[in-house]
Amino acid sequence: MPTGSLMSALPAQVFAPREATSATPLLEAIGLGRRFRGLAAVDNVSIDVCVGEIHAVIGTNGAGKSTLINMLSGELAPSAGSVRFGGNDVTRWSQPRRARAGLGRSYQRTTIFAEFSVLENCRLTAQASEPGPWRIWERAANDTRAIAVAMRALAAAGLDGDAGRIASTLSHGAKRQLEIAMCLATAPRALLLDEPLAGMGAEETGRMLALLASLKETHAILLVEHDMDAVFKVADRITVMVNGQVIASDVPEQIRSDRAVREAYLGDGH
Amino acid sequence: MASDDGADDLRSDAAAGTRADVGALPDIGRREAGGWLVPAAAALAFAALPLVVSPYAQDLIVRIAIYAIFALSLELLVGATGLVSLGHAAFLGIGAYVTVLASGDSGASLALLVPLAMAAAAGYAIVVGALSLRTRGVYFIMVTLAFAQMAYFVVHDTKAGGGSDGIFLYAKPTLAIGAQTLLDLGQRLPFYYTVVAVLVLTYAFIALLLGSRFGHALAGIRVNEQRMRAAGFSTTPYKLAAFTIAGALAGLAGLLLAVKDGAVNPELLSWHESGAVLLMLIFGGIGSLRGAVLGAICFTLLKELFQSEALLGSLASHWQLTLGLTIIAFVAALPRGLIGIGARLRGVRAARAGAARST
Amino acid sequence: MTTATFLVQCLNAVQYGLLLFLVASGLTLIFGIMGVINLAHGSFYMLGAYLAFALAPWFGDWFLMRLVAGVALAAIFGYLLEWVFFSFLYERDHLQQVLLTYALILVFEELRSLAVGNDVHGVAAPAWLAGGFHLGGLMEYPWYRVFASAACLVVALALYAVVNRTRLGMMIRAGASNRDMVRGLGVDIRRLYRIVFAGGVALAALAGMIAAPLSSVYPGMGSSVLIICFVVVVIGGIGSITGALVASLLVGFVDTFGKVFFAEWSGVGVYVLMAIVLVWRPEGLMKRGF
């Protein structure tokens, strides 16, 4: 699989049809909090992501990163605080509604449709916001628009050569890339990526990072990750969470030298 | 799983358990052996049978065909969308009861009864569906059963419902334009062909549905609902639509059953009936329209066999035992049903992994 | 409605609810721990009732002994049944579990028919529980019903004690929240399942034995109780014993007073209750847990 295809510049308008300003944040969480039976999993977290940046969130297990992402995506209702996306208050919006508005997410556990082909996986997600699902005389398999979008997404992820393969036969790394491709096929403006590098070897990690770098220009990316090397290589900003709270949020160099962070997280080893 | 306490492990376990093994409906791109030819040939066979078989056998075939329609309607729910309903008989029964009640003393036109029966069943389906779909997995199974039982009590206990003896259909429906009768379901052959035609149309309709974007969305919901929601599909309206369509089609089967039997009774809504139609699906093979029809044929014949004194003598009175043991053996040994055997023999899985077509 | 009548209906509601609780707690335990949906659970209730009938000539008026013997037999039966049948259901999906246990109902019904026939039988309450106490005016509330409620309450407390205070209970609760972890800790999960299943069967059978003098013994009694139990479990939340208790009592009241006020339509009342709970709190009244 040639890595060159990932590095080639894609026209900026392919996946981000709307304006790509990075002045105002596209996605923000303001004072988000979530309690479970008295225990605060997330406490007063504010975070924002702009188009053109990769904002990484790191923290030990139990720091509340999953809860945070679930509140941003709409899968979990916050106990406090609000979420804004694209200028709208989306705190009360369901996940599908946020996804249709351009907020995509990938999962830590691969959630592809294993029994369908690679192309079908992306074509299905591409059909999510298509109007008129009641037009049952139209064959889904002949949906040229969706197929084109799906192929572009697969190309971006470097999987266009595998379009006909059944998804379950892909390697682990390729499945994770398919996960991203499925997300891209919905034409998102912002991406919530939950440990996309989980379980990947060095070469696959490199490919994924290159993909993220290419996407960053036209998207706002929030990245939750455990792989520290990768995070410091690719992130523009890093937020560190411990016990549900943000203890630091800055550019990588500052984070690296931040004493509180070192004590709480980096210093102890992981 | 590094999950939140809020994610109910038990419920997601339950949901996964119902969803994952239900089997892949060969709708997304992959064709069953023989494509359209096999169902078409079967339809022709059905149509030709009255020429060669006795009226008693024709009666049995009509019964089988009606149950095949019933099974197909449930396949849309179980096989395509992955929603296991244990209360589908309610819609069959509602369609049947509405038919009898609306026919009154002098009968009614099919032009009235068909939309009425289907609308009544669909109406109950929307309400039950909206409530049941607030639950998942095992809860969904239990709630659908409970709502069917509710309908059962209405027809069994109340005067309006006719009580435990049921109600007779005094005049079978006809279809007429002015004074000219086009179709009289009271006649054996017209009724036979009407039922076969409805079966073919139902099969074709569901097949069409499954190949559309709506059908593919249902398949996606079955395989991984979370991913569908993350992509932007509002999954509940899709599931509710499938539930309602399935209910309406079951209501249509109910209408035909009421006409065939000339009467209705509360047992049509019993959970034994709901269990039977699920058994038909699993016998034939979940995830296959042909399987649904095959399962209806197989199950009905099996029940006839076990209850036949002519063939089994005194053992026939203990048919619950023989049927029960057979079901256990069958489900334990062949969870993918009869279609599954065919698939295994043809090495379909090997063919799929190798050269899968993309559209 | 006079106060006395109202009181009688309340007592009836509580008694019905508590009996339901016994059956439902078995169902919810079995599903909560082993993840198996068991349509044949009602058959265990029926088993208990028929045991009460069958053991009557052997024990005469030694009613408590009869209960103990019946429960012991049921527990042994449950233990064996888990071993030869249910242990194979754990890996299967819910649809298969539904159909396999449905087939089991058919088998049980037929075996019962072969063993004791299809007649309706009465079971007499023991002599020392005959009669009742006066409740004002001409109303008399049967001692047996008081006994039934008391017995169920005692069992409920015992269940609570076992689940919350014993090592077995701790393993049960742990198994309910995290099956694999419990296995990893070296607990013999198969024996645990067998014990839990036997317990569930025993609870249902006990309920049937206690109910026998009240509702007589007839073929369809298993199915009617089962579906109501499903409603109880949906309302109370799967895996929650407290939920099952609250829900059972709710159902008891709705059903009893429904019969008083709504006659023909009373059968529907319980399901309307379920519908309301679904609209308001689809995950069940109690949050998951014991």
Side-chain angles (χ1 to χ4, degrees), chain B residues 8-11 13-14 16-22 78 84 86 127-128 130-132 134-135 137-139 141-143 145-147 149-154 156-161 270-272 275 278-279 281-282 286 317-332 335, chain C residues 31-32 35-37 39 85 88-89 91-111 113-114 176-179 223-224 226-231 233-234 237-239 263-272 274-276 278-279 281-284 287-288:
Chain B
D8 194 332
D9 292 347
L10 208 57
R11 238 150 251 119
D13 271 344
T18 314
R19 226 45 86 61
D21 321 37
V22 165
V78 178
V84 177
L86 195 49
V127 173
V128 169
L131 290 169
S132 310
R134 293 172 72 76
T135 66
V138 153
Y139 280 102
I141 298 175
M142 294 195 279
V143 167
L145 175 62
F147 279 124
Q149 196 69 357
M150 180 163 111
Y152 173 87
F153 276 122
V154 170
H156 186 275
D157 290 345
T158 66
K159 269 196 294 289
S270 74
W271 61 315
H272 286 288
L278 272 180
L279 281 167
L281 290 189
I282 212 173
I286 304 272
S317 56
H318 302 301
W319 61 271
Q320 283 188 332
L321 186 61
T322 39
L323 184 61
L325 291 174
T326 307
I327 294 171
I328 292 175
F330 196 98
V331 175
Chain C
F31 187 79
V36 177
I37 175 171
L39 256 54
F85 187 77
F88 300 104
L89 259 56
E91 279 92 60
R92 295 183 180 261
D93 65 49
H94 291 310
L95 177 60
Q96 290 175 36
Q97 289 175 358
V98 163
L99 296 176
L100 286 168
T101 52
Y102 173 73
L104 200 62
I105 299 178
L106 295 180
V107 171
F108 281 156
E109 287 289 315
E110 201 59 50
L111 289 177
S113 177
L114 286 168
S177 21
N178 197 329
R179 224 167 287 162
S223 338
S224 22
L226 176 79
I227 300 183
I228 301 285
C229 273
F230 277 174
V231 172
V233 167
V234 167
I238 278 191
E264 306 193 304
W265 293 84
S266 65
V268 166
V270 175
Y271 304 105
V272 172
M274 182 185 77
I276 294 172
L278 283 175
V279 171
R281 275 238 222 157
E283 68 275 6
K287 291 277 160 68
R288 185 166 66 88

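Keep in mind that what you see is a predicted model, and the values were worked out from it rather than measured. Numbered from 1 within each chain, the chains take letters A, B, ... in sequence-line order.
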Side chain, backbone, both or neither: which part of [X] has a heavy atom under 4.5 Å from chain B?
X: C/Phe85; value: side chain
X: C/Leu114; value: side chain
X: C/Leu226; value: side chain
X: C/Ile228; value: neither
X: C/Val279; value: both
X: C/Ser113; value: neither
X: C/Val107; value: both

Give me the atom names and distance for the closest heavy-atom approach of [X] to [Y].
X: C/His94; Y: B/Ile141; result: CB-CD1, 3.9 Å
X: C/Val233; Y: B/Tyr139; result: O-CE2, 4.2 Å
X: B/Gly275; Y: C/Leu99; result: O-CD2, 3.9 Å
X: C/Val272; Y: B/Met150; result: N-SD, 4.3 Å
X: C/Gln96; Y: B/Pro335; result: NE2-CB, 3.4 Å

Taking every non-hydrogen pair under 4.5 Å, which of B/Ile282, B/Val143, B/Leu321, B/Val127 racks up the most with chain C?
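Most pairs with chain C among the choices: B/Leu321.
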
State the [atom1]-[atom2] distance between [X] and [Y], to the nearest 0.5 angstrom.
X: C/Leu106; Y: B/His318; atom1: CG; atom2: NE2; value: 14.5 Å
X: B/Leu86; Y: C/Ile227; atom1: CG; atom2: CD1; value: 8.0 Å
X: C/Phe108; Y: B/Gln320; atom1: CZ; atom2: CD; value: 13.0 Å
X: B/Leu145; Y: C/Ile37; atom1: CG; atom2: CD1; value: 8.5 Å
X: B/Leu323; Y: C/Glu110; atom1: CG; atom2: CD; value: 10.5 Å

Structural part of [X] lying under 4.5 Å from a heavy atom of chain C:
X: B/Ala151; answer: neither
X: B/His156; answer: neither
X: B/Thr158; answer: both
X: B/Thr322; answer: neither

Would you check if [X] and [Y] make a side-chain contact, meaning some heavy-atom pair closer than 4.5 Å?
X: C/Ile105; Y: B/Trp271; answer: yes
X: C/Tyr271; Y: B/Val154; answer: no
X: B/Leu278; Y: C/Tyr102; answer: no

